[in-house]
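First, the structure itself, so that you have it in front of you.
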Protein chains: 2
Amino acid sequence: MAAREYGQFDGIATAVELIGERWALLIVRDLLVGPRRYSDLKLGLPKIPTNVLSARLKELQSSGIIERIPLHHGLAYRLTSFGQQLEDVVLSLGRWGFQALGEPKPGEIITPDSMAMTFRTAFQPAIARLLPATTYDAQITDFGLRLQVYSDQLEVEPFESVSKRQSEFDSPYVSFVTDTDIHKLIAGELSATNALSSRSIKILSGDQSLLQRFAQTFHLEAA
Amino acid sequence: MAAREYGQFDGIATAVELIGERWALLIVRDLLVGPRRYSDLKLGLPKIPTNVLSARLKELQSSGIIERIPLHHGLAYRLTSFGQQLEDVVLSLGRWGFQALGEPKPGEIITPDSMAMTFRTAFQPAIARLLPATTYDAQITDFGLRLQVYSDQLEVEPFESVSKRQSEFDSPYVSFVTDTDIHKLIAGELSATNALSSRSIKILSGDQSLLQRFAQTFHLEAA
DNA sequence: CCGCATCCCATGTGATACTG
DNA sequence: CAGTATCACATGGGATGCGG
């Protein structure tokens, strides 16, 4: 396998040797959201062959990028601190790739972890810190993510059902349902008002005017 | 080849589909320094098979990342504006991979383009803007790079021989010879004074005290 | 069920040779 | 100079099996 090295004494070449294999960065992407078990990763990457997932997990371990940890009854994979530092790389890649997203091809999916990272990619801390702390519950096709923004900080966590949470928060709150069209709002191709009138986004509860704030807080340039 | 897609509607997955193939990001790395001809790229990536180089150049063209341009008498490849935006990705990767560089393995090379990008990766604009404009001529094994720093800007260009240039510049100037040990200076593993006394770096002309400034201006954390 | 290991085949990659 | 052609081999993809 010496033939698979690039033969260059260089940071970029070294990085690509470590995380350039197919699927490796997508595994890292999902682990950036939090520790995951083998079966979680498999769920988040339905098209990865199990042997490849196994192989990547081993390679990433021996490179010191991830480590196995015990998790209640079973085990999980977690990024080491070295692996955590790939966050910049993954966010840069996401920012660049977002421009080439285009329309979803048939069969393409959005997973909770990939969407969580998309929100982190699109998050604009400099703008957020000028706005009041706000909680957004986004129901995207078949899963929900709660986005808590306070000052220039963002926290993303999954939630089960929207339910009657509105009054649970002191801070401004809105919950909405959407699908891949959320990307158009983030790209600015669709304004908050147009997203509502075209039913791309439907308010479930809370203050619908907060959708404007959402679009300011989460923004990426498209093509 | 549909089987080689990740099946995810996501910026990171899209990015990895576009520039995740072997060698692709190293080609981009070299093109970030400037337009290059086929033979330039081959020289900068001695271990790439010619058919793979051909294939990548075609793929990168049809992805809109690079384009062919006429160059004096012949042709060259150049990043499109979409491709240029990979700079963040490549710099992040370089910053991360630098930590894992370790010692050069036998046969590993440093090319002018890879080193130019390493300098751009290590460049600290916030620190540089507090220091006087300075020109550094670095002779690294078999090639030379001139680094011109003014305010928070960096320009890297190749040069042929150090010669009697010292008085050519009004601004502070130093020229030196080094090898892979330059990375230890950048990593802070070796101080400017120790680099000189251990002969890791030899001053050719100019003000040797500027090596301190160099180490401040170009810095990356190591392991 | 979770966490893989095995098998087989398609495709990508690498080395070398060769051509417009 | 700027690639193509060919062939051997390594890796990836998909299905299936299997122990704890």
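Residue numbering restarts at 1 for every chain, and letters A, B, ... go by the order of the sequence lines.
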Please tabulate, one pair per line, each protein N/O and nucleotide N/O from nucleotides 6-8 of chain D that are separated by under 3.5 Å, including the distance.
residue	atom	partner	partner atom	Å
D:dT6	O4	B:N51	ND2	3.3

Residue pairs, two or more places apart or on separate chains, that pass salt bridge (Lys or Arg N to Asp or Glu O under 4.0 Å) and touch residues 81-97 of chain A: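 Matches after skipping sequence neighbours: A:E87-A:R120.
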DNA chain C-proximal residues of residues 25-43 of chain B, any heavy atom under 4.0 Å: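 DNA chain C contact set from residues 25-43 of chain B: none.
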Charged tip of A:R22 within 45° of B:Y6 ring normal and under 6.0 Å: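 The answer is yes, since A:R22 meets both limits relative to B:Y6.
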Salt bridge (Lys or Arg N to Asp or Glu O under 4.0 Å) against A:R78, all qualifying residues, sequence neighbours excluded: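 A:R78 satisfies salt bridge (Lys or Arg N to Asp or Glu O under 4.0 Å) with A:E67 once adjacent residues are dropped.
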With sequence neighbours excluded, residues passing side-chain contact (heavy atoms from CB on, under 4.5 Å) with A:A222: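 Checked A:A222 against side-chain contact (heavy atoms from CB on, under 4.5 Å); matches are A:A187, A:E189.
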Listed pairs under 3.5 Å, donor-acceptor, residues 27-37 of chain B side chains, sequence neighbours left out:
residue	atom	partner	partner atom	Å
B:R29	NH1	A:D10	OD2	2.7
B:R36	NE	B:D113	OD2	3.0
B:R36	NH2	B:D113	OD1	2.9

Listed partners of A:N51 passing side-chain contact (heavy atoms from CB on, under 4.5 Å), at least two apart: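 Partners of A:N51 by the side-chain contact (heavy atoms from CB on, under 4.5 Å) criterion, ordered by chain and then number, come out as A:P49.
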Residues which pass ring pair (Phe, Tyr, Trp, His ring centres under 6.0 Å) with B:Y136, listed by chain and number, not counting sequence neighbours: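 Once residues adjacent in sequence are excluded, the partners of B:Y136 under the ring pair (Phe, Tyr, Trp, His ring centres under 6.0 Å) criterion are B:F214.
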A:K58 side chain, from C-beta outward: closest of D:dA5, C:dT13, C:dC4: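 Nearest listed nucleotide: C:dC4.
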Interatomic distance where CZ belongs to B:R68 and C1' belongs to D:dG3 [whole Å]: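 Distance check: B:R68 CZ to D:dG3 C1' gives 9 Å.
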Expected output: side-chain B:Q124 to main-chain B:H219 donor-acceptor under 3.5 Å: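 Checked: pair present.
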Among C:dA5, D:dG13, D:dT11, the one nearest A:T50 by side-chain distance: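 Of all the options, the side chain of A:T50 is nearest to C:dA5.
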Separation of atom CG in A:L53 from atom P in C:dT6, rounded to whole Å: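 Nearest whole value for this atom pair: 16 Å.
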Between the first and last five pairs of the helix from C:dC1-D:dG20 to C:dG20-D:dC1, the angle of the axes, rounded to 10 degrees: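 Comparing the axis at each end, I get an angle of 30°.
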Phosphate OP1/OP2 of D:dG13 contacted by A:R22 side-chain N/O (<4.0 Å):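 For D:dG13, OP1/OP2 do have a side-chain N/O of A:R22 under 4.0 Å.
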B:R56 side chain, from C-beta outward: closest of C:dG12, C:dT13, D:dA5: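 So the nucleotide nearest the side chain must be C:dT13.
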Integer-rounded Å distance: D:dA10 P and A:E59 CD: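 In whole Å, D:dA10 P lies 16 Å from A:E59 CD.
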Residues in ring pair (Phe, Tyr, Trp, His ring centres under 6.0 Å) contact with B:F123, at least two apart in sequence or another chain: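 With sequence neighbours excluded, B:F123 shows a ring pair (Phe, Tyr, Trp, His ring centres under 6.0 Å) to B:F218, given in chain and number order.
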Contact under 4.0 Å: B:W23 side-chain N or O vs C:dG12 OP1/OP2: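 B:W23 to C:dG12 OP1/OP2: no side-chain N or O under 4.0 Å.
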With sequence neighbours excluded, residues passing side-chain hydrogen bond (donor to acceptor under 3.5 Å, both in side chains) with B:T217: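 By the side-chain hydrogen bond (donor to acceptor under 3.5 Å, both in side chains) rule, B:T217 matches no residue at all.
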Which nucleotide in C:dG14, C:dT11, D:dG3 has an atom nearest any side-chain atom of B:S54: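 For the B:S54 side chain, the nearest candidate turns out to be D:dG3.
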Non-neighbouring partners of A:A55 that pass side-chain contact (heavy atoms from CB on, under 4.5 Å), sequence neighbours left out: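 In terms of side-chain contact (heavy atoms from CB on, under 4.5 Å), with neighbours along the sequence ignored, A:A55 is linked to A:E59.
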